Amino acid sequence: MAKLIITAAITGAIHVPSLSPYLPFTPDEIVEDAVKANAAGAAVVHVHARDPKTGKPSSDFNLFREIVSKISTRCDVVICVTTGGGLGMSMEERLRPISVLKPELASLNSGSINFAIYPLTAKIKQPRFDWEIPYLESTEDLIFSNTFKTLKYYSKAMQEAGTKPELEVYDVGMINNIKHLMDLGVMRPPIYMQFVLGILGGIPATTQNLIFLYETAVRAIGEKNFVWSACAAGKAQLPLMAVAMTMGGNTRVGLEDNLYVGPGQLAKSSADQVMRVVNIANQLSIEIASADEARSMLGLKGGSHTGWGEAAAVAR
Ligand code: KMH
Ligand code: ZN
């Protein structure tokens with residue numbers, strides 16, 4: 001059995017600070033949690049940037065640069081930079097960090113959905129920051145837009161930057177979008193897909209749906225032409241990761257997807273969830289991939305070829 005790549009999605013753009021005091025949002029907090037997640041067993045960290053004063057998702061290029069370069073001076077983890085950005089950001093804003101930073105890996109969202117996180121407002125009694133409730137509420141009427149034109153544009157920009165796309169699949173039809181782009185030669189095998197289950201507006205997080213996504217991908221794209229991972233929003237996170245690794249897939253956890261580590265127990269950092277996944281993998285005799293093993297499994301260019309990598313390697 002292939003080794004297991006664990007990704008930790010450190011902060012994301014879904015949860016707001018009022019939902020957990022442990023959600024990292026300053027660059028230093030994000031860096032600290034990324035380093036901890038790597039030490040716990042994550043070969044990849046997926047990063048977003050947030051305004052250090054308010055925790056609001058940000059497209060500020062300087063914040064991204066600070067986060068990735070500080071992580072890389074402390075450890076050799078693979079860094080996957082978001083192009084999902086924050087809800088409501090423009091196509092250009094979301095893509096900006098890629099062309100200059102040239103990361104090894106970046107998310108590429110493979111279709112449009114009504115990315116609905118407004119039910120989270122019910123969990124907030126007293127918001128910590130003014131932006132939180134309007135941000136969440138706006139998603140009742142928000143299309144997270146990823147049209148074919150956008151996908152082609154992002155794919156080209158990533159190719160030019162030597163960045164491997166991690167294709168986020170929120171629903172089964174998006175596999176068909178990817179197949180269409182492969183047929184056009186816009187995306188080349190082997191591709192890397194992240195099945196994202198449990199977002200309202202996308203496919204629910206059930207075992208049957210994970211199997212459905214995987215089998216659809218095998219039929220549409222061919223088993224040899226893709227590597228896959230899965231993540232699940234909310235309390236389905238850990239049970240579904242156990243299913244994914246049993247199926248031979250890779251797993252993503254982290255506070256972007258779920259703020260808890262057990263029933264009613266907030267995770268103090270993404271590393272808490274990584275440790276749970278490592279424990280399950282140990283019980284199943286599944287070995288954990290190191291960052292370098294993940295690089296070779298995913299065909300990545302190596303950390304020193306990123307826009308910030310050489311300087312970071314010297315500092316490390
Ligand atoms: N910002 C969310 C709408 C990604 O990182 O590419 C989706 C997201 C995915 O976070
Ligand atoms: Zn993300």
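Being a predicted model, the structure only gives us computed values, none of them experimental. Counting starts at 1 for both ligands and their atoms, following the listed order. Atoms considered below: every heavy atom in the structure, side chains included; atoms not considered: hydrogens, waters and symmetry mates.
- Note: the hydrophobic cluster containing F115 does not contain M89 (ILVMFWY, side chain heavy atoms under 4.5 Å, direct or indirect links).
- For the pair K56 and D130, the salt-bridge criterion is not met [side-chain N within less than 4.0 Å of a carboxylate O].
- In this structure, K70 does not pair ionically with E32, as no charged nitrogen and carboxylate oxygen lie closer than 4.0 Å.
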>> As a quick check of understanding, evaluate side-chain hydrogen bond (donor to acceptor under 3.5 Å, both in side chains) for E256 and H48, giving each step before the final call.
In response: CA-CA 9 Å; E256 171 162 348; H48 289 241; 3.3 Å; yes
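- Cluster annotation: I71 and V253 are assigned to the same hydrophobic cluster (Ile/Leu/Val/Met/Phe/Trp/Tyr, side-chain heavy-atom contacts under 4.5 Å, transitive).
- Within 4.0 Å of ligand 1, counting heavy atoms only, the contacting residues are A13, H46, H48, T82, G84, G85, L87, S107, N109, F115, F144, Y170, E256.
- The nearest N, O or S atom of E256 is closer to the Zn ion (ligand 2) than 2.8 Å.
- The aromatic rings of W228 and Y214 lie tilted to each other, with the angle between the two planes from 30° to 60°.
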